[in-house]
Amino acid sequence: MTLDIYNVLIGIISAAVFQFVIFAVHIRDYKKEKFLLIWLLGTGFVIAGFFSSFLARNEDIQAYVIMVHNLLLILGQGLYYISLKKYFKPKDMIKNYRLDLGLVIFVLTIFSVFSQNITIRMISNSLVLLLFSLFSLRLLNQNRSEDIRRGSNLFIISNWINIVFWTYRILAVYFVLPKFPRLYEMIIVMSYLSSLMLCVLGSLGLIFLINQRLTSMLEKEKLKFMTIIETSPDSVVVTNLSDGKIVIANNNFMKKMQYSTMEELLDETTVSIKIWKDQFSR
C-alpha cells in the first residue's frame, strides 16, 4: 500500500486547526497573558507550515515552498519556546535569548531554509527543532515545582518525544534514507505528527499551567486570609451575603458564642445563633 502523504496531511491539519480553535476559545479571558498569545501565534505558524506543503506538488515552486515550510515550522516551535520563556522568566527575556536563539537563528538561516542539498536541509532542520526541544526541556526542569507539576509533566513528555524523534530523524536521513529513498514520505509524515503532538500536548499543558497557577494563587490567598482572621484580637465571622450562612469564624468568635469546633457552626446562620433577630435585621 502506497502512503498518500497529502491525505495524511489533511487529517493532521484538521486536528491542528481544531486544537487551535479550542485553545483560542479557552484563553480569550486571559488576553493580558502575553505568553498565551505567543503560543497561539506559534500554533498559527505551524498550521501555515502544514498548509504550505500542498503547494509542493507544483515542481516549479517546490524548492521555494520547502524553504517557506521549514521556516514556518521552525518559527512556530521557536515561538513555543519563547512562550515558555515568557511564562517562567517574563522579566529576563532579552538576556536569556541572546545565546540560545542566536545559535538557532544562525543554523536556521544558513542551512534549514537556503540549502539546496536535501540531506543537509533535513538534518539541519531536525537539529534546529531538536535544539528548541532541548532548550524547552532545560527550562522546564529549572523551573519545575509542585504547583505546576501536571502541566509541566505534559511539556516534559512531549519534548522528550520530540528529542527522541528528531535525533532518530537525523540518523535516519544520514544513514537510512540514501539506501531506502522510498522512506522519505514516511519520515515527512512522522515529522508532521511530531510537530502536531507538541502542538496539542503543549497547548493542553499550557492550559494546565494556567489553571494550576490560579489554583495555587487562590490557595495562598486563602491561607493569608485565614492567618489574618485567626490572629485578629477581635471576634471575626465570615458569612454568605445571600443567606447569612457561616463560612469561617476565628477562635475568639467561637469562644464568645460558646462553640468548641468550627464544624458546629458550619450549618448555622447569623440569625439562627441570634446575632440578628431576623433576615430583615441582618
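These values consider heavy atoms only, across backbone and side chains, with no hydrogens, waters or symmetry-generated copies. If you're wondering where the values come from, they're calculated on a predicted model, not measured in any experiment.
A donor-acceptor contact shorter than 3.5 Å is absent between the side chain of N162 and the backbone of L129. Put simply, the side chain of S203 gets close to the backbone of C199: a donor and an acceptor are under 3.5 Å apart. Side-chain atoms of N240 do not come within 3.5 Å of backbone N or O of S242 as any donor-acceptor pair.
Side-chain contact between V17 and I47: present, with at least one pair of heavy atoms (C-beta onward) separated by less than 4.5 Å. Put simply, the side chain of W166 does not reach to within 4.5 Å of the side chain of L131, judged on heavy atoms. With a 4.5 Å cut-off on side-chain heavy atoms, S281 and D278 count as touching. Side-chain contact between L134 and R138 is absent, with no heavy atoms from C-beta onward closer than 4.5 Å. Using a 4.5 Å heavy-atom threshold, the side chains of L72 and F45 count as touching. For the pair Y87/N143, no side-chain contact is recorded, criterion being any heavy-atom separation below 4.5 Å from C-beta on. Between F35 and L84 there is no side-chain heavy-atom pair separated by less than 4.5 Å. The shortest distance between side-chain heavy atoms of L36 and F23 falls below 4.5 Å.
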Item to check | Stepwise side-chain contact (heavy atoms from CB on, under 4.5 Å) test for L193 and I12 | outcome: CA-CA 7 Å; L193 290 173; I12 291 173; 3.8 Å; yes

Checklist entry - Which is it for S136 and L139 under the side-chain contact (heavy atoms from CB on, under 4.5 Å) test, yes or no, and what are the steps along the way? => result CA-CA 5 Å; S136 297; L139 189 64; 5.6 Å; no

Item to check | Test log, rule side-chain contact (heavy atoms from CB on, under 4.5 Å), inputs M254 and L265 | outcome: CA-CA 8 Å; M254 287 190 291; L265 278 170; 3.6 Å; yes

Checklist entry - V173 and R121: side-chain contact (heavy atoms from CB on, under 4.5 Å), yes or no, with the steps? => result CA-CA 10 Å; V173 168; R121 189 172 62 235; over 6 Å; no

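When I275, T270, T269 are each tested for a side-chain contact (heavy atoms from CB on, under 4.5 Å) with R282, only one passes: T270. Of the options I273, I246, N251, a side-chain contact (heavy atoms from CB on, under 4.5 Å) to Y259 is made by I273 and by none of the others. Results of the side-chain contact (heavy atoms from CB on, under 4.5 Å) test with L41 over L79, L75, V46 single out L79 as the only residue that passes. Screening S195, S194, S133 for a side-chain hydrogen bond (donor to acceptor under 3.5 Å, both in side chains) with Q77, the sole residue that qualifies is S195.
With sequence neighbours excluded, no residue forms a side chain to side chain donor-acceptor pair (under 3.5 Å) with T227. Applying the side-chain contact (heavy atoms from CB on, under 4.5 Å) test to L201 and every residue at least two apart in sequence or in another chain returns L154, S158, M197. Q62 is linked by a side chain to side chain donor-acceptor pair (under 3.5 Å) to nothing, counting only residues two or more places apart in sequence or in another chain.
Note: the hydrophobic cluster containing I187 also contains Y184 (ILVMFWY, side chain heavy atoms under 4.5 Å, direct or indirect links). Clustering ILVMFWY residues whenever any of their side-chain heavy atoms sit less than 4.5 angstrom apart, transitively, puts Y174 in the very cluster that holds I163. With hydrophobic clusters built from ILVMFWY side chains whose heavy atoms lie under 4.5 angstrom apart, F135 shares a cluster with L137. When the side chains of ILVMFWY residues are joined at heavy-atom separations under 4.5 Å, either directly or via intervening members, I66 and I61 end up in two distinct hydrophobic clusters. Using a 4.5 Å cut-off between side-chain heavy atoms of Ile, Leu, Val, Met, Phe, Trp and Tyr, with links allowed through other members, M122 and M186 fall into the same hydrophobic cluster.
E221 has a carboxylate O that lies under 4.0 Å from a charged side-chain N of K224, or vice versa, which qualifies the two as a salt bridge.
For S152 against L209, the heavy-atom pair with the smallest separation is N-CD2, 3.9 Å. Residues L9 and S53 come closest through the heavy atom pair CD2-CB, 3.4 Å. Smallest separation of non-hydrogen atoms from N125 and I74: ND2-CD1, 3.3 Å. Here the shortest heavy-atom pairing between N250 and I229 reads ND2-O, 3.1 Å. D243 and K245 get closest at one heavy-atom pair: OD1-N, 3.0 Å. When every heavy atom of S191 is checked against every heavy atom of R169, the shortest pair comes out as OG-NH1, 2.6 Å.
The OG atom of S126 sits 7.0 Å away from atom CZ of F165, with the distance rounded to the nearest 0.5 Å. Atom CD1 of I38 sits about 12.5 Å away from atom NZ of K85, to the nearest 0.5 Å. With values rounded to the nearest 0.5 angstrom, I170 atom CD1 is found 5.5 Å from L130 atom CG. Rounding to the nearest 0.5 Å gives a distance of 12.5 Å between CD1 of I22 and CD1 of I27. The distance from atom OG1 of T261 to atom CG of L266, rounded to the nearest 0.5 Å, is 8.0 Å. To the nearest 0.5 Å, atoms CD (E268) and OG1 (T239) are separated by 13.0 Å.
Within a 6.0 Å radius of CZ in F54, more than 12 heavy atoms belonging to other residues, nucleotides or ligands are found. No more than 12 heavy atoms of other residues, nucleotides or ligands lie within 6.0 Å of CD in Q258, so this atom counts as exposed by the packing criterion.
If you look at F132 and Y80, their ring centroids are not closer than 6.0 Å.
Ring geometry for F155 versus W39: interplanar angle over 60°, hence perpendicular rather than tilted (30 to 60°).
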